[in-house]
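Please read through the structure below; I'll follow up with questions.
Since this is a predicted model, take the numbers as computed values, not measurements. All values below come from the heavy atoms of this structure, side chains included, with hydrogens, waters and symmetry mates left out.
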Amino acid sequence: MKPRNKIQPLPFVLPALFVYILTVIIPILWSMGYSLFSWNGIGDMKFIGLENYVRMFQDETFREAVVNNLKFVVLGSLFQLCAGLILAILLTHISKGGNILRVIYFIPCIISSMAICQIFSKMLSVSPRAWFAM
């Protein structure tokens, strides 16, 4: 790209980047700052540094929760991956009625998209009777 053309996408990216910074980056930094203080939400804030993190990693309940979450993520991912792979293999090897099974398998994706489209078409309709025609 020419240097002049590299600036053209900037006005399109800046609003989204601004919203992302306001809604994601700033709250994360704010929370990291709060984590360095001892504060009950009402009284004065007292700076304690990394003591909160030391207590968190020494807490048995926290460690147990992390282990349980890791188990859940690993087992859930393995189950979804294996189930999806088995369904894909079954759908590719079925010759008679395979197209019907593919359609039945894909219908939930289509129905949710169509429902959203219908809702927005009714919401954005100019006609006041559009809401009652559902």
Side-chain angles (χ1 to χ4, degrees):
M1 288 180 98
K2 295 179 182 176
R4 191 181 92 212
N5 292 342
K6 288 183 180 180
I7 298 174
Q8 285 177 343
L10 205 55
F12 298 103
V13 173
L14 284 179
L17 184 63
F18 180 70
V19 169
Y20 180 75
I21 288 172
L22 281 179
T23 59
V24 177
I25 302 298
I26 290 176
I28 288 174
L29 294 175
W30 207 304
S31 297
M32 290 171 64
Y34 277 145
S35 72
L36 301 175
F37 289 88
S38 175
W39 186 43
N40 63 2
I42 298 172
D44 293 335
M45 296 173 72
K46 178 184 168 194
F47 182 77
I48 58 171
L50 298 175
E51 185 180 325
N52 285 332
Y53 291 102
V54 171
R55 278 190 302 137
M56 180 179 70
F57 286 114
Q58 288 176 349
D59 187 17
E60 184 62 35
T61 306
F62 174 76
R63 280 187 266 165
E64 195 174 311
V66 169
V67 169
N68 288 340
N69 277 303
L70 289 173
K71 287 179 188 176
F72 182 75
V73 166
V74 169
L75 292 175
S77 298
L78 282 175
F79 174 74
Q80 289 177 13
L81 183 70
C82 293
L85 186 61
I86 290 169
L87 281 173
I89 291 171
L90 286 175
L91 285 175
T92 56
H93 288 310
I94 294 174
S95 58
K96 190 171 185 178
N99 288 335
I100 298 294
L101 287 175
R102 286 186 188 99
V103 168
I104 291 171
Y105 182 72
F106 197 66
I107 280 178
C109 298
I110 301 300
I111 288 177
S112 62
S113 299
M114 289 305 300
I116 291 170
C117 289
Q118 288 296 316
I119 289 170
F120 274 93
S121 69
K122 301 296 182 191
M123 276 182 11
L124 301 174
S125 175
V126 181
S127 170
R129 287 186 277 195
W131 278 98
F132 303 109
M134 293 200 300

*I42: what forms a side chain to side chain contact (heavy atoms under 4.5 Å, CB included) with it, not counting sequence neighbours?*
N40
*Taking N69 for its side chain and A65 for its backbone only, find out whether a donor-acceptor pair lies under 3.5 Å.*
yes
*If Ile, Leu, Val, Met, Phe, Trp and Tyr residues are connected whenever their side-chain heavy atoms lie under 4.5 Å apart, and connections chain through other members, are V66 and L75 in the same group?*
no
_Side chain proximity check, M56 to N52, heavy atoms < 4.5 angstrom_ = no
*Check whether any side-chain heavy atom of Y34 lies under 4.5 Å from a side-chain heavy atom of M45, and answer yes or no.*
yes
*Roughly how far, to the nearest 0.5 Å, is the CD1 atom of I119 from the CG atom of L124?*
11.5 Å
*Evaluate whether atom OH of Y20 has more than 12 neighbouring non-hydrogen atoms of other residues, nucleotides or ligands under 6.0 angstrom away.*
no
_Close side-chain approach of L50 and L36, heavy atoms under 4.5 Å_ = yes
_Distance (rounded to the nearest 0.5 Å) between I86 CD1 and L91 CG_ = 12.0 Å
*For residues Q58 and R63, report the shortest heavy-atom separation together with the two atoms involved.*
O-NH2, 2.9 Å
*Pick from I100, I107, L101: which one makes a side-chain contact (heavy atoms from CB on, under 4.5 Å) with V103?*
I107
*Between S112 (side chain) and C109 (backbone), is there a donor-acceptor pair under 3.5 Å?*
yes
*Distance-minimising heavy-atom pair for I104 and P108*: O-CD, 3.7 Å
*Is the count of non-hydrogen atoms from other residues, nucleotides or ligands lying under 6.0 Å from F62 atom CZ greater than 12?*
yes
*Determine whether S77 and V73 make a side-chain contact, defined as any pair of heavy atoms from C-beta on separated by less than 4.5 Å.*
yes
*May I ask whether L70 and L81 are part of the same hydrophobic cluster, defined by side-chain heavy atoms of I, L, V, M, F, W, Y residues being less than 4.5 angstrom apart, directly or through others?*
no
_Let me confirm one number: the CD-SG distance from Q80 to C82, rounded to the nearest 0.5 Å._
10.5 Å
*Take atom CZ in F47; do more than 12 heavy atoms of anything else shown fall under 6.0 Å from it?*
yes
*asked:* Membership question, hydrophobic clusters at under 4.5 Å side-chain separation (ILVMFWY): are L87 and I94 in the same one?
replied: yes
*Atom CD1 in I111, atom CD1 in I116: separation rounded to 0.5 Å?*
12.5 Å
*Give the cluster check for V74 versus V67: same hydrophobic cluster or not, with ILVMFWY residues linked at side-chain heavy-atom distances below 4.5 Å.*
no
*Would you kindly confirm whether V19 and L14 end up in one hydrophobic cluster when ILVMFWY residues are joined by side chain heavy atoms under 4.5 Å apart?*
no
